[in-house]
Amino acid sequence: MIEAPDLSLAALTPLISLFGAACIGVLIEAFAPRESRHPAQVAVALVGTVGGLVSTLVLAGTRDGNDVTAGGALAVDGAGLFLQATIAGLGALSILLFAERALDPARSSFVAAAAVPAGSPRDRELLTADRVQTEVYPLATFAIGGMMLFVAANDLLIMFVALEVLSLPLYLISGLARRRRLLSQEAAVKYFLLGAFASAFFLYGLALVYGATGSVRLSTIQESVATAGGDTLMVLGLALLIVGLMFKASVAPFHTWTPDVYQGAPTPVTAFMAACTKVAAFGAILRLLYVGFGTDEWTWRPLVYGIAIVSMVVGAVLGLTQTDLKRMLAYSSIAHAGFLLTGVLGFDAAGESPGLSATLFYLLVYGLTTLGAFAVLTMVRDGDGEATHLSQWAGLAQRSPVVAAVMTLFLLALAGIPLTSGFTGKFAVFRAAIDDGAWPLAVVALLASAVAAFFYLRVVVLMYFSEPVAGGPTVGVPGLPTTIVLAVTAAATLVLGVVPGSVLDLAGQAANLVG
Amino acid sequence: MNSFPFLLLMIVVPAVGAAVVAALPRGRDLLAKQISLGVSLVVLLLAVLATAAFDTDGDRFQLTSSVSWIEDFGVSFALGVDGIALVMLLLVGVLVPVVIGASWDDEPVGTRSMTVFFAWILLLEAMMVGVFAATDVFLFYVFFEAMLVPMYFLIGSFGGPRRQYAAVKFFLYSLVGGLIMLAAVIGLYVVSANQGEGSFAFEVLNAIDIDPDVQKLLFLGFFVAFAIKAPLVPLHTWLPDAGAEAPVGGAVLLVGVLDKVGTFGFLRYCLPLFPDASRDFAPYVLALAVAGVLYAALLAMGQSDMKRLVSYTSVAHFGFIALGIFAFTTEAGTGAVLYMVNHGIATGLLFLVVGMLIARGGSRRIADYGGVAAQAPVLAGVFLVAGLASLALPGTNSFVSEFLVLIGSYPTRPVFTILATVGIILAALYVLLMYQRTMHGPARGLMDGQGLAADAGEPAGPAGGTGATAATATATATATATATATATRTRRVPDLSRREIAVVAPLVALILVLGVYPQPLIDLIEPAVAATVGDVGGDPGGVVPDVDTSGAETEAGN
Amino acid sequence: MDTVPADGLLSASWLLIALPLAGAAVLLLGGRRTDRWGHLLGTATVAAAFVVALACTLQLDERQVAVDLFTFIDSGSLDVRAGLLFDPLSAVFALLITGVGALIHVYSIGYMAHDPRRRRFFAYLNLFVAAMLLLVLGDNYVALYVGWEGVGLASYLLIAFWHERPAAATAAKKAFIMNRVGDVGLALAIFVMFAQLGTVTYEGVFGSVGLLAGGTVTAIGLLLLLGACGKSGQFPLQAWLPDAMEGPTPVSALIHAATMVTAGVYLIARSAPIYDLTETARTVVLCVGAVTLMIGAIAGCAYDDIKKVLAYSTVSQIGYMFLAVGLGPVGYAAAIAHLLTHGFFKAGLFLGAGSVMHAMDDQVDMRRFGGLAKKLPVTFVTFGLGYLALIGFPFLSGYWTKDAIIEAALDRGGVSGWVLGGVAVLGAGLTAFYMTRLMLMTFFGKARWAPSAPGRPTPHPHESPSVMTAPMVLLSIGSVAAGFLLVQAFPLVEWLAPVFGEPEEAEHVVAPALVGIAVTAVMALGVLAAWLFVGRREVPVVAPERVSVVTRAARKALYADAINESLFMRPGQWLTRALVWVDNRGVDGAVNGMAAALGGSSARLGRAQTGFVRTYALGMLGGAVLVAGALLAVTAG
Amino acid sequence: MSLTHYLVLAAILFTIGAVGVLVRRNAIVVFMCVELMLNSVNLTLVTFARATGTIDGQIMAFFVMVVAAAEVVVGLAIIMSIYRTRRSASVDDANLLKY
């Protein structure tokens, strides 16, 4: 007998909002005349993401207690909603970055026609053409929807589907840079091949867990783990699942794609990936580890402990010698993944420990800060697009003090200097880790952040303490979208550093996972 | 009067002042300077009024105020001062106007604007007040780290030729220490949370009992941060670089006040919070302190760069301060705190004078000077006063503090004290060597234009000096000429200008007055130190003599 | 005898310090405005201080008076008050300092008349007088220490007064540093007193020093001795004193002959209650005194620099005083008496030397003098009287006071008594030798005058102005009479009795008369020898190179500088250079090396990021295997 | 043939796919190897479905197929675009981004 699964439409509103917007975007792409596509696409994507944000917030405000819906495949809990709201908000900001038309003389960061071979006469012709690519908006909206689904998935299969829904559009839009197309295409190929490879691991892990427990529902897996303990099949499955998720979160040693893809992808896309993908991936990691394998902590705990250290060290140390800002921020993202894992560790299933709320908060502030940093990168340009080589930033503060100041703010936040959001976040996760007795990990993390601080500082040194080079880059005057992004992220970075109380409260209240 | 928010105002006023100055359009340098000076004088006034409102017989912490800040972390914006913090605030209040006055005619490097310089100075002042006035460990940490930023920019933007290296080194050293301390700060919170409500309030933390092993770890966490900041050997190598490359005003605040946070931290946090660990580690700390006294003094003698030399002398002085703190006697502790104040004044003056000399000669190398005393007697005189204060000659303020430190340390730690007294001789050596080489003898080197040819290879820009005035311009101009052409012409070194005299006069006066009548400061400091010594298990009343003399001579025969 | 609070004029005895200090302050702060009358103010303040000192001394019927001024340092159980103690001992010193000081101020008006920085010279002199008075008037060891280092500073400033001359600057630094070495001893002594007794006042320490263990008292005594050696130029810290002659001559007269260098004697005499309890420390004092006495006398025989000879003479004479205080209660008063007479005649001698230099275009090489007696009659006479007093010509000052010391040394009895007495007598002979040599080379024989520098005219000696000769005359009167006055007429022993106790009637080993005769005979031998070696022959203008080992050693002041150099200076410089290297390469190098290592490993690890997809995939697969393996290992284990 | 054999076969296929990703240069072939891995998972899922007696596994296999198809679309598009530019589908040629 088949029963219709219970389905709370209210709980699905955010997802519907996103996926709906994406579908409308596809339709616009198909039917709207070319001239009106861009504004329409931007509007739809923004409505979708902001709608997703608002509906998530409304949902969070009105819901009573935690819930699972869609036949138990989706979790509607505090952490899920917090992460969904974070992703939707960061996604909306990313869409704004995509929509910026004032900075590039060619009016967009995205290629006019992806199918035209790079470097061909037609390509050169199109480079200066006013034509813009608008497929990125529905693609990005799909990706955001996928991410929001990812963090709410209460079922490994849904998780897998969400993983693909968020990944596939990302593969595509990574390859859509208007300038330096070869790099962009290379990034797309690498991301795609490795991403597919990682998905296969995740999937195989899913299959093994299914084989071990007979179910892919996280709650069922937990029960099974609690009663049966971990047999080899399940442990292998867990390992492979972790591999798949760590890949998305760009945690070392599964980070190798990150620098290449971050560097090659169009900068707004990099910003989007760095901010939103990280949030989504950690949402899934939290859910998998605590909801699915929460009773099996002792198995994966040492592993995550080790991975966290490796990731922090690799990110911090490798970042030292980078000369490209985007690559440097990629390594920074790897190091931050390690810091986030310390927060993940500082959480026990009983929910007493502040690890979950700390991780949620950290994800929010990291997303905002890194998005802002990449947004600044889009503004500093030379004749061939963004000037991302470090040496080009020398003396920037004297050309453009405001941009340099904003960038410095983001860099200080990434370095975790007090009175910026980055410090509050770091403090929160390290407190969680130490509270849980993992103080050696916290000490390693702190030393790693000191090392990482060196390369953040190097940028500040260049901007402020070096004399400008002749023929250096120009700082473009941003249009409204980028201005909004910078204003929001910079204000958030400062506010969450000085008076983080209310947001911490929010994260604290949101810190629960439904099983 | 006690409810008046002195401390809050002392943070807010300069912070707002910094914002105002930073917002001034370019080219309004004079206005920026006037605003900065005004603001810093207001802070000084507030500090003095706060001192007047402070009751030496009252509670340990006074002028307190507390507002909940980040509830989730149990953090309050809690301010309050004991005598130790209060005298440090006075020092901040005195030094900042002096520094602003001393930097009045400075020319920035490159195309930078001096308004920014003054904005950073004011912001730094706000942070420094905060770090001393915080009674919440978290708040203290926030100021402790945030303080780095203005200093970093002061060194990096307005410093000497190797300013980038120095600024980054300074920042990273301090950051490493700070981050290790952060771990301990969190650990402290966790410990307090395990014993009830988690809190960062100093008074709560002071009352809890911590397991000795945990204490050791936490102590080390705090200690490393403070030992870097103070700095103790072997964590000192950032200071000579930072001190040498920083602009003179920045160097004064860096060595005069900023680094005191380290020793202040020993006294405020390490000792009271971790008394057992402090006792266990005291011999090692003392060994480092004494090693620093001797090692840094010898190194100071070997320097060829005046600002590096002064920086090394500070390392030696910090050794004395650490000795006083970890001797665990009221006398030595009082001496150490007094030393912190006096060192700020004396070394501040020394840096200022050296800066004025550098502004005239355009070089930091000792070998480039000679015979200045004959041409600029007032400059030489002030230099001598600063130097004598630095070698703790009786009659100068430093003597009182050094004497208290040593006499207070001797009863509990005779061996370390005896070793440290050797530092007294070394101090005389490095001060007088520098004085003789620059001020005495026949005019030579840059002073008669001969050293320029040899020096022309180096960047001839202003070496971060006070007022890269006409002297430097001449130096640069003549540097291009051949040595033989300029050798015959002796250039006169101008003596101190009225502004410069006005800048150094308050410090000279303080050196002499506090050298003769230090008791008011001691009265402020002593209760707080006694309480701290009591926390760590010493006798707050002072050293108990080995021999009971109450019986007087009647027992002499026994 | 108990100390009583001061009243009347005595309670104003702080004026003694305040007057010269105020003078110094006005002159230093006033700047060039005070150039015209600065020297007069400086002299007036010291003269006024002398008047105060005299009045106070006359008022001193209670014999020990305390003046409590204000709290200097009060922390914990340490309570240091700015307090003065006016007792016979400090009164004697105050009179000496202000009296001789005032005379030398007057002399300096003339001597420094042509120096553009005369005002500052007077300021420093005033500063010195103030510090010296604090040293002798303080009622506790800390006040003494403050004055102690204060005179060190004044001495530094004055030696380096002509700081364009590198030798002067170096000598000043050397003086300060070597003094500091001694000061450390004094400081440590204070620390020990505080740690043991909880007090640093004379009253407190002397009251309870008896409770201390013998070893501790000895330690205190030895540490105080170290301080005394530094300030008084005693072995092994004597090397700075002759170099200090680079200062203007009035400075040498006041500071490096009459007052400051005797502070060591004052310190030991003041600390008599401590030394009374420790035979060991006293013996060391004795040895130091005897050794220094000989070093000074031997070196004095070889030098050609008139001021250096006088300086070594000072070293030697202070050796006598140390010898005396080392003898214990019998010697204290004798030492102070010798100190006072020495103050007169040595100051007079220095002023005379200054007058000679004044005449000889500031030359000091006696080989270029000769035959000056006629040209400088007043100088010759006053100098001659000082000379006679110094060598112990019968019934002049030196005779009385030096004899007393030699007697006391012999009275010690036993071998040590004979040895010490013998040394003292021998020293007297040597004194006679080198002083006669000095007299002969300077005032007698042929004129060997030469230009002070190429291009300068040969000097035409002329007598100094009366503002300079008057103090010389007064001092020479003191040189003649003081000994008799202090030993016979108004015995200093009795005046000082409240401090050192009533003198015991010593049992004489050798009859005093016999000692007198013997000493006079040895003195005569010395004079004769000098005449034989110097007076009869032509004095070569250039010192002969081929001389005996002894002479060569004496010319190098028995290699004191060489020893200091090889033991401290060179190793110190070497150590400094080594440490600078260690700090730059080792300590800082470790930090920079760590940074470089991080950067290097970063670059090396970065090579793993090859850009090849397949390598990345391999890395991921490896990671996956590791993760799986780790998890399995944890589960299995 | 027991179910284990199927599982082992699937594991072998997965491994072959993974090794193929590592050793083959042509992007298309690499991608086909990934597809092989996905299909080995399908085999595993179906086998487990059989073992547990539910149809969940089989349904999941269908999901995987759909996803794989979508992946092919995206993947081939990307590979095509780079091939048109470079005239080469070798993954080793794409290494401008490194270090």
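Chain naming here is simple, since letters A, B, ... match the order of the sequence lines and numbering starts at 1 in each. Quick note: numbers below take in every heavy atom, side chains included, and nothing from hydrogens, waters or symmetry partners.
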Residue [X] versus chain D: region with a heavy atom under 4.5 Å:
X	result
L240(A)	neither
F192(A)	side chain
F160(A)	side chain

From [atom1] ([X]) to [atom2] ([Y]), nearest 0.5 Å:
X	Y	atom1	atom2	result
I82(D)	S184(A)	CD1	OG	9.5 Å
M60(D)	L203(A)	CE	CG	9.5 Å
K326(A)	L97(D)	NZ	CG	9.5 Å
I78(D)	L168(A)	CD1	CG	8.5 Å

Suppose a student defines contact as a heavy atom less than 4.5 Å from any heavy atom of chain A. Which residues in [range] would they list?
range	value
residues 17-26 of chain D	A18(D), V21(D)
residues 38-46 of chain D	L38(D), V41(D), T44(D), L45(D)
residues 8-16 of chain D	A10(D), A11(D), F14(D)
residues 65-73 of chain D	V67(D), A70(D), E71(D)

Handout entry: Toward chain A, the part of T85(D) with a non-hydrogen atom under 4.5 Å
Key = both
Practice task
Begin with the C-alpha distance, continue with both residues' side-chain angles, and end with the deciding distance and a verdict on side chain to side chain contact (heavy atoms under 4.5 Å, CB included) for V30(D) and F197(A).
Solution key: CA-CA 9 Å; V30(D) 170; F197(A) 192 52; over 6 Å; no
Problem - SB check E186(A) R86(D) (cutoff 4.0 Å) - result: yes
Problem - Any donor-acceptor pair under 3.5 Å from Y204(A) side chain to M37(D) backbone - result: no
Practice task
Examine distances only and state if a side-chain atom of R327(A) and a backbone atom of K98(D) form a donor-acceptor pair shorter than 3.5 Å.
Solution key: yes
Fill in the blank from the handout: Note: vs chain A, highest number of non-hydrogen pairs under 4.5 angstrom among C33(D), A51(D), A49(D) is A49(D)
Handout entry: Nearest heavy atoms of A114(A) and S81(D), plus distance in Å
Key = O-CB, 4.3 Å
Practice task
Taking all non-hydrogen atoms of both residues into account, name the closest pair between F48(D) and L208(A) and its distance.
Solution key: CE1-CA, 4.1 Å
Problem - Non-hydrogen side-chain atoms of D56(D) and V216(A) separated by less than 4.5 Å - result: no
Handout entry: Validation row: V34(D), L193(A) side chains within 4.5 angstrom (heavy atoms)
Key = no
